[in-house]
Amino acid sequence: MARLERVWRVPFDHPALAGHFPGHPIVPGVVVLDQVLCLAQSHFDGAVSTWQVGQVKFLSPSGPGDELSFMLEAGARGGLSFVVRCAERDVAVGSLTPGSP
């Protein structure tokens with residue numbers, strides 16, 4: 001598998017931003033992970049529904065209007081590793097592992 005890449009700009013009106021956190025919105029980690037899974041699904045034709053987050057580290061926050069770059073590549077034991085970046089900083093790193101069907 002070649003490296004998969006995707007760029008996503010966080011919408012200013014994303015519904016998760018309203019309560020996370022009022023006055024200083026940041027993108028919840030679950031939204032970042034959802035975008036990682038969307039990238040994987042685009043390559044595997046939706047066959048990642050049973051996959052699990054093997055590990056994840058959130059390294060810096062992102063907010064409305066930020067352009068996030070998602071990179072996904074083959075990892076250990078059939079899994080996938082990912083990096084999410086905003087400009088020159090890492091936002092999150094981690095891995096997805098195949099689950100049982």
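- Between Val27 and Pro61 the shortest side-chain heavy-atom distance does not fall below 4.5 Å.
- The CZ atom of Phe82 sits 14.0 Å away from the CZ atom of Arg6 when rounded to the nearest 0.5 Å.
- Distance check, rounded to the nearest 0.5 Å: CG of Leu72 to CG of Leu80 gives 4.5 Å.
- Summarising the geometry, atom NE2 belonging to His20 is positioned 5.0 Å from atom CD1 belonging to Ile26; distances are rounded to the nearest 0.5 Å.
- Between Phe58 and Ala92, the shortest heavy-atom contact is CD2-CB, 3.8 Å.
- There is no path of hydrophobic side-chain contacts, each under 4.5 Å, that joins Val56 to Val83.
- In terms of heavy-atom proximity, Trp51 sits nearest to Gly78 at CH2-O, 3.7 Å.
- You'll find the side chain of His14 reaches within 4.5 Å of the side chain of Leu17, heavy atoms only.
- The cluster map of Ile, Leu, Val, Met, Phe, Trp and Tyr, joined by side-chain heavy atoms under 4.5 Å apart, puts Leu59 and Val30 in different clusters.
- Listed by chain and residue number, Arg3, Met71 satisfy the side-chain contact (heavy atoms from CB on, under 4.5 Å) test with Glu5 (two or more places apart in sequence, or in another chain).
- Summarising the geometry, atom OG belonging to Ser95 is positioned 11.5 Å from atom NZ belonging to Lys57; distances are rounded to the nearest 0.5 Å.
- Checking Leu96, Val84, Val53 one by one against Leu33, the side-chain contact (heavy atoms from CB on, under 4.5 Å) holds for a single residue, Val53.
- Nearest heavy atoms, Pro98 versus Gly79: CD-CA, 4.0 Å.
- Residue Ser81 comes nearest to Ala74 through the heavy atom pair OG-O, 4.3 Å, listed as atom of the first residue, atom of the second, then distance.
- The line from CH2 of Trp8 to CG of Asp34 is 8.0 Å long, rounded to the nearest 0.5 Å.
- By the side-chain hydrogen bond (donor to acceptor under 3.5 Å, both in side chains) test, Ser60 pairs with Arg89, sequence neighbours left out.
- Val93 and Val91 sit in two unconnected hydrophobic clusters of ILVMFWY residues. Membership requires side-chain heavy atoms under 4.5 Å apart, directly or through other members.
- One distance of note links SG of Cys86 with CG of Leu68; it measures 5.5 Å at 0.5 Å rounding.
- Between Glu67 and Val7 the shortest side-chain heavy-atom distance falls below 4.5 Å.
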Quiz item: Are Phe70 and Val36 close enough, and set up right, to give a side chain to side chain contact (heavy atoms under 4.5 Å, CB included), and what steps lead you there?
Solution: CA-CA 7 Å; Phe70 295 81; Val36 169; 3.8 Å; yes

